[in-house]
Amino acid sequence: MTVKVRFAPSPTGPLHIGGARTVLFNWLFARRHKGIFVLRSEDTDLERSSEKWERDIAASLRWLGMNWDEGLEVGGPNGPYRQTERLEIYKEYLSKLWLGGHVYYCFCTPEELARDREEAMARGDNPVYSGRCRGLTPAQIEEKLRAGLKPTIRFMVPEETEILIDDLIRGQVSFQSRDIGDFIIFKSDGIPTYNYAVVIDDITMGITHIIRANEHLINTPRQVLIYQALGEPMPKFGHVSVVLDTSGRKMSKRMGDMSVGRYARQGYLPEAVVNFMALLGWSPEDSTEIMSIDQLVEAFDLSRISKSPGIFDAQKLDWMNNQYIRASDLDMLADLALPFLEAEGLAKGLTREWLKYVLAVVRDELQCLAQLPDFIKEFLACPVQVQPEALPPLQLETTGMVLDEFLARLEALPETEDLPQQQQQVQALLKQLNKDLKARAGVSGKAVYMPIRAALTGAVSGQELYYLVPILGKERAVARIKSSRQQAGI
RNA sequence: GGCCCCUUGGAGAAGCGGCUUAACUCACCAGCCUUUCACGCUGGCAUUCAGGGGUUCGAAUCCCCUAGGGGUCACCA
């Protein structure tokens with residue numbers, strides 16, 4: 001049997017990391033088993049759903065590289081893929097339920113129901129529907145209908161049965177039907193309710209495995225009851241735990257924007273985000289952490305998904321993204337980086353060779369591409385402000401001589417556009433300078449390198465000097481040193 | 001309040017009754033390397049698995065209780 005899974009978001013907001021991880025598990029499972037992955041839309045919440053979010057979610061999925069075989073935008077044999085367009089199908093199955101005597105009209109008002117609920121809670125009971133409308137006679141129903149009352153349709157939950165769910169991730173979970181209570185499957189406006197619509201969608205689309213967030217575990221017995229009433233084969237369920245933030249709370253506004261789009265905008269690489277999400281509650285058999293999408297597909301196994309909640313460790317994501325940035329092709333990285341520079345008006349006048357060179361030098365320090373403009377601004381600045389901690393190395397007794405000597409040799413360097421070549425020249429220059437000054441005046445390595453660094457950058461730490469000079473260019477390097485000397489009064 | 005799920009170091013996370021004096025990763029600390037900071041390398045970092053009982057020759061791993069966290073009980077999904 002071909003595996004078929006789906007992701008069925010309600011388009012009421014952007015795709016967030018937690019949701020994306022659920023999709024990823026579905027997607028990996030489908031790819032691993034050469035199955036089909038479906039994307040559909042649960043838009044029955046007319047108030048909050050919008051096509052804008054539908055497109056946004058689809059765009060996020062595409063950015064992550066999780067393509068779908070059937071569903072929204074791509075079509076397929078089991079469409080339409082929007083619940084609001086499937087009303088006929090829901091009604092068709094409803095008539096089967098009527099025939100089997102599994103459903104009934106309910107005329108209770110929201111106010112009545114709220115009162116029942118409060119009373120039950122006050123008694124410490126499980127607030128389930130009382131079943132008040134269960135026993136309405138055909139005549140009573142007829143009368144209310146004629147009076148223009150708009151009923152909901154409720155599913156009749158069998159009494160005193162145990163519902164066993166053999167969950168792929170959590171193992172056996174059991175529920176008592178008495179804790180459930182008859183639930184609404186059609187709202188009074190004729191729109192089906194989530195618990196009913198999903199089941200019909202999953203049945204008609206031939207979904208074999210339902211992998212979804214743990215918050216749906218509690219819905220599962222209701223859905224199982226519908227499958228049973230309809231006499232349809234049961235899919236397998238797997239309930240993935242939620243994602244929490246580092247303080248153990250559910251990810252929320254407290255943590256700010258957790259959408260996938262936000263990570264895209266900050267210059268995280270999709271491969272890194274995917275890799276990171278895969279490890280949020282799942283782990284391969286060996287302890288590999290950096291895994292390509294192909295490797296993930298190859299290694300993915302539902303049985304290795306953890307039952308405990310995954311915790312979103314932003315620091316670890318940064319580390320992982322950095323790993324991917326380090327390993328990226330420089331040309332690709334330059335392409336990805338350019339928009340971030342353009343956004344800050346830094347792109348004009350930059351050659352691609354220079355950008356690539358800069359990237360090669362700073363990529364180790366980059367957690368995400370959005371951090372690049374700050375480096376660029378730093379490199380472009382002239383003069384630089386000398387930081388207080390950079391003053392001591394500038395005020396060494398030998399500093400004046402060191403800088404004079406460095407400047408003289410730097411200016412004597414042959415002109416070249418070849419950055420790597422210039423890097424070699426500077427490296428050789430520094431070595432020689434160090435050697436000469438040690439022989440001549442006993443100056444230590446530190447007393448050579450630190451003053452030059454301080455004068456060149458105004459700071460005491462940064463990139464290797466021989467990388468830095470080609471980035472700055474000879475002219476800017478000379479100007480920066482002169483200005484720093486003035487600032488330090490030497 | 002009822003029901004369901006979860007609980008391993010500063011953080012993530014393996015572990016599925018003996019191979020565990022708890023893997024791996026991040027962070028942190030120390031040493032080495034580079035005649036500079038960083039990078040890199042090497043080493044250190046839970047005698048203990050929320051707490052308490054039990055089962056067993058043997059438990060982080062199985063059972064029970066307590067505590068904490070989360071989910072859910074909608075004419076939301």
TODO: For A:I191 and for A:D286, find the nucleotide of RNA chain B with the closest heavy atom, then tell me which residue's nucleotide is more 5'.
DONE: A:D286
Open item on the list: Rounded to the nearest 0.5 Å, what separates atom CD1 in A:I185 from atom CG in A:L225?
Closed with: 11.5 Å
Open item on the list: Would you measure the distance from the C1' atom in B:C28 across to the matching atom in B:G68 and give it in whole Å?
Closed with: 28 Å
TODO: Pick base, sugar-phosphate or nothing for A:H239, based on heavy-atom distances below 4.0 Å to the nucleic acid.
DONE: nothing
Task: Pairwise C1' distance for B:G12 and B:G18, with rounding to whole Å - done: 28 Å
Open item on the list: Tell me whether the side-chain N/O atoms of A:R117 come closer than 4.0 Å to OP1 or OP2 in B:A74.
Closed with: yes
Please list each protein N or O that sits under 3.5 Å from an N or O in nucleotides 48-52 of chain B, with the distance.
none

- [ ] Applying ring-ring contact (aromatic ring centres under 6.0 Å, His included), name anything that partners A:F183, two or more places apart in sequence or on another chain.
- [x] A:F155
Open item on the list: Would you measure the distance from the P atom in B:C39 across to the matching atom in B:G31 and give it in whole Å?
Closed with: 15 Å
TODO: Check side chain to side chain donor-acceptor pair (under 3.5 Å) between A:S292 and all other residues, then give those that pass, not counting sequence neighbours.
DONE: A:Q295
- [ ] With the side chain of A:S10 defined as its heavy atoms from C-beta on, choose the nearest nucleotide among B:C26, B:A77, B:G12.
- [x] B:A77
Open item on the list: Within the 4.5 Å heavy-atom criterion, are A:S484 and A:L456 side-chain neighbours or not?
Closed with: no
TODO: For B:G71 versus B:U66, give the span between their P atoms, rounded off to a whole number of Å.
DONE: 22 Å
Task: Annotated protein contacts, base or backbone, on nucleotides 59-67 of chain B with a non-hydrogen cut-off under 4.0 Å, one of B, S, - each - done: ---------
- [ ] Begin from the C-alpha positions of A:Y194 and A:H216 and carry the test side-chain contact (heavy atoms from CB on, under 4.5 Å) through to its verdict.
- [x] CA-CA 11 Å; A:Y194 164 77; A:H216 289 292; 3.1 Å; yes
Task: Parallel, tilted or perpendicular: rings of A:F379 and A:F375 (30°, 60°) - done: tilted
Task: From A:S50 atom OG to A:R55 atom CZ, the distance as rounded to the nearest 0.5 Å - done: 7.5 Å
TODO: Ignoring backbone atoms, establish whether A:T44 has a side-chain N or O less than 4.0 Å from OP1 or OP2 of B:A77.
DONE: yes
TODO: Specify whether A:F186 and A:Y196 have parallel, tilted or perpendicular ring planes, treating 30° as the upper limit for parallel and 60° as the lower limit for perpendicular.
DONE: tilted
Open item on the list: Please tell me whether A:F37 and A:F7 form a close aromatic pair, meaning their ring centres lie under 6.0 Å apart.
Closed with: no
- [ ] Using the criterion of both pairing distances under 3.5 Å for Watson-Crick and G-U wobble pairs, give all stems of 3 or more consecutive pairs involving RNA chain B.
- [x] B:1-7 with B:67-73, B:10-12 with B:24-26, B:28-32 with B:40-44, B:50-54 with B:62-66
Task: Rounded distance in Å between the C1' positions of B:A67 and B:G53 - done: 14 Å
For residues 278-285 of chain A, please give each side-chain donor-acceptor pair under 3.5 Å, one per line with the distance, not counting sequence neighbours.
{"unit_1": "A:W282", "atom_1": "NE1", "unit_2": "A:D301", "atom_2": "O", "d": "3.2"}

Open item on the list: When the C1' atoms of B:A11 and B:C5 are compared, how many Å lie between them, rounded to an integer?
Closed with: 23 Å
Open item on the list: Do A:H239 and A:I169 have side chains that approach each other closer than 4.5 Å (heavy atoms only, starting at C-beta)?
Closed with: no
TODO: Kindly indicate whether a cation-pi arrangement holds for A:R154 with A:Y129, taking the cut-offs as under 6.0 Å to the six-membered ring centre and within 45° of the axis.
DONE: yes
- [ ] Assign A:N219 to base, sugar-phosphate, or nothing according to its heavy-atom contacts below 4.0 angstrom with the strands shown.
- [x] base
Task: Pairwise C1' distance for B:G10 and B:U34, with rounding to whole Å - done: 31 Å
TODO: Would you classify A:T288 as touching base, sugar-phosphate or nothing, given that sugar-phosphate means primed atoms plus P, OP1 and OP2, and contacts are heavy atoms under 4.0 Å?
DONE: nothing
TODO: Summarise protein proximity over nucleotides 2-8 of chain B in one line of letters, 5' to 3': B for base, S for sugar-phosphate only, - for none, counting protein heavy atoms closer than 4.0 Å.
DONE: BBSSSS-
Open item on the list: When you measure from the side-chain N and O atoms of A:K187 to the phosphate of B:C76, is any distance below 4.0 Å, counting only OP1 and OP2?
Closed with: yes
Open item on the list: Can you confirm whether more than 12 heavy atoms, excluding those of A:K236, are under 6.0 Å from its NZ atom?
Closed with: no
TODO: Let me have a per-nucleotide readout for nucleotides 32-41 of chain B, 5' to 3', with B, S or -, counting only protein heavy atoms under 4.0 Å.
DONE: ---BBBBSS-
Open item on the list: Within residues 386-405 of chain A, which residues have any heavy atom lying less than 4.0 Å from an atom of RNA chain B?
Closed with: none
Distances under 3.5 Å between nitrogen or oxygen atoms of protein and nucleotides 15-20 of chain B:
{"unit_1": "B:G15", "atom_1": "OP1", "unit_2": "A:R304", "atom_2": "NH1", "d": "2.8"}
{"unit_1": "B:G15", "atom_1": "OP1", "unit_2": "A:R304", "atom_2": "NH2", "d": "2.9"}

Task: For A:F276, all residues meeting ring-ring contact (aromatic ring centres under 6.0 Å, His included), sequence neighbours excluded - done: A:F312
Open item on the list: Among A:V243, A:N26, A:V274, which residue satisfies the side chain to side chain contact (heavy atoms under 4.5 Å, CB included) criterion with A:R21?
Closed with: A:V243
- [ ] For B:C65 and B:C4, measure between their P atoms and round to the nearest Å.
- [x] 12 Å
Task: Test applied, side chain to side chain contact (heavy atoms under 4.5 Å, CB included); reference residue, A:R409; option that passes from A:V426, A:L430, A:D404, A:L429 - done: A:L429
Task: Qualifying side chain to side chain donor-acceptor pair (under 3.5 Å) pairs with a residue from residues 437-450 of chain A, counting only residues at least two apart or across chains - done: none
TODO: Search all heavy atoms of A:A488 against all heavy atoms of A:L391 and return the closest pair with its distance.
DONE: CB-CD1, 4.1 Å
Open item on the list: Determine whether a donor-acceptor pair (one donor, one acceptor, N or O, separation below 3.5 Å) exists between the side chain of A:T152 and the base of B:C75.
Closed with: no
